[in-house]
Amino acid sequence: MTAPAPRGRAEPRGWLGNVVLLAPKFVLTGLLILAIADMVFGVFMRYVVTAITDRLDLDPFNFFFVEEIGEYTLTWLTMVGAGIGIAERAHFTLHVLTHRLPRAAERPIHVATHVLIAGFGALAVWYGVQLAIVNSALNSPALEINLAWVYVAPAVGGGLIVLYALAAAFEPPPLPDPGGLDETGIAAAGDD
């Protein structure tokens with residue numbers, strides 16, 4: 001007899017599934033470290049260096065690139081994080097009817113839901129690529145990087161959403177948690 005699967009995940013992933021999920025998590029961790037370092041640097045520049053240059057009557061230091069780094073990092077954090085949220089089943093779910101259906105009827109709904117999620121990811125890929133192509137001739141004002149690198153983030157995030165949603169569609173639906181729903185059918189994150 002095997003132990004029951006953890007709540008929110010139908011069965012443990014194989015080694016390939018863990019590797020495929022591990023790389024975006026490393027990217028997400030690096031982006032988070034970059035965003036925090038960027039904010040700390042921006043605050044230091046704004047409140048310490050600017051005060052010193054004003055007091056000593058020196059030319060001000062241009063640090064407008066800090067804002068661009070923050071915006072671009074947030075874009076990539078959001079899109080990669082959305083894909084990881086699908087893989088980890090961390091997005092909010094609302095069980096209005098499915099928890100009252102027999103277990104056999106939950107499977108087609110589970111598959112259809114994840115195919116719809118994958119369809120949304122495919123749209124993000126399509127429009128992300130189109131945006132990257134349209135903006136590939138432009139450079140950012142402060143960093144002078146090609147804006148295609150910013151606009152390809154929805155395509156990468158959408159690709160992760162497609163990959164993880166289709167993988168979740170082939171997994172069995174998670175086991176019901178009798179204590180996880182209230183009388184309105186609202187479940188916490190991860191109770192897919």
Side-chain angles (χ1 to χ4, degrees), residues 8 13 16-94 113-114 116-168 188-190 192:
R13 289 184 184 90
L16 182 61
N18 288 333
V19 169
V20 170
L21 185 59
L22 194 60
K25 284 184 177 182
F26 278 130
V27 170
L28 198 66
T29 302
L31 288 170
L32 188 59
I33 290 169
L34 177 62
I36 291 170
D38 180 61
M39 286 190 296
V40 169
F41 180 75
V43 168
F44 176 77
M45 294 301 291
R46 186 171 292 118
Y47 292 107
V48 176
V49 174
T50 303
I52 291 171
T53 56
D54 285 346
R55 176 132 353 225
L56 298 176
D57 197 28
L58 299 171
D59 290 333
F61 182 75
N62 182 0
F63 57 96
F64 294 110
F65 61 89
V66 170
E67 202 170 308
E68 280 186 12
I69 291 173
E71 290 171 0
Y72 302 161
T73 304
L74 179 63
T75 302
W76 277 91
L77 275 169
T78 302
M79 296 313 297
V80 173
I84 292 172
I86 298 293
E88 295 289 332
R89 296 185 182 195
H91 291 290
F92 178 78
T93 59
L94 179 64
T113 300
H114 284 91
L116 283 173
I117 292 169
F120 172 78
L123 280 174
V125 169
W126 173 257
Y127 285 110
V129 168
Q130 297 303 314
L131 277 172
I133 291 169
V134 166
N135 290 297
S136 64
L138 302 174
N139 289 331
S140 65
L143 294 173
E144 294 291 325
I145 62 170
N146 193 317
L147 286 180
W149 287 107
V150 178
Y151 288 105
V152 80
V156 172
L160 291 173
I161 289 171
V162 169
L163 176 71
Y164 297 140
L166 290 178
D192 186 25

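Heavy atoms only, all atoms of each residue included: F63 and G42 are closest at CE1-O, 4.3 Å. Here the closest non-hydrogen pair linking S140 and E68 is OG-OE1, 3.0 Å. Pairing each heavy atom of N135 with each of L147, the nearest pair is O-CB, 3.8 Å. In plain terms, the two heavy atoms of A165 and A118 that are nearest each other are CB-N, 3.7 Å. The two atoms that bring G121 and V162 nearest to each other are C-CG2, 3.5 Å, heavy atoms only. Summarising the geometry of H91 relative to A82, their closest heavy-atom pair is NE2-O, 3.1 Å, with the distance given to 0.1 Å.
I84 CD1 to L22 CG: the interatomic distance, rounded to the nearest 0.5 Å, is 9.5 Å. The line from CD1 of I52 to CG of D57 is 14.0 Å long, rounded to the nearest 0.5 Å. Distance check, rounded to the nearest 0.5 Å: OH of Y72 to CG of L143 gives 6.5 Å. The NE2 atom of H114 sits 11.5 Å away from atom CD1 of I161, with the distance rounded to the nearest 0.5 Å. Note that CD1 of I33 and OG1 of T29 are 6.5 Å apart. Values are rounded to the nearest 0.5 Å. Rounding to the nearest 0.5 angstrom, the gap separating the CE atom in M79 from the CG atom in L28 is 12.5 Å.
Distance alone, capped at 3.5 Å, places no donor-acceptor pair between the S136 side chain and the A148 backbone. Remark: the backbone N or O of G70 is paired with a side-chain donor or acceptor of D38 at under 3.5 angstrom.
Other residues, nucleotides and ligands place more than 12 heavy atoms under 6.0 Å from the CZ atom of F65. Annotation: E71, atom CD; neighbour count of heavy atoms from other residues, nucleotides and ligands within 6.0 Å is above 12.
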Counting only pairs under 3.5 Å, give me each side-chain donor-acceptor contact of residues 150-160, with atom names and distances, residues two or more places apart or in other chains.
none

When the side chains of residues 43-51 are checked against the rest of the protein, which donor-acceptor pairs come out under 3.5 Å, sequence neighbours left out?
unit_1 : atom_1 : unit_2 : atom_2 : d
T50    : OG1    : M45    : O      : 2.8
T50    : OG1    : R46    : O      : 3.4

Could you please spell out the steps behind the side chain to side chain contact (heavy atoms under 4.5 Å, CB included) verdict for W149 and T75? CA-CA 11 Å; W149 287 107; T75 302; over 6 Å; no
Output, in order, the C-alpha distance, side-chain angles, deciding distance and verdict of side chain to side chain contact (heavy atoms under 4.5 Å, CB included) for L21 and Y164. CA-CA 9 Å; L21 185 59; Y164 297 140; 3.7 Å; yes
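When side chains are defined from C-beta on, F64 does not count as touching P141, because their heavy atoms never get closer than 4.5 Å.
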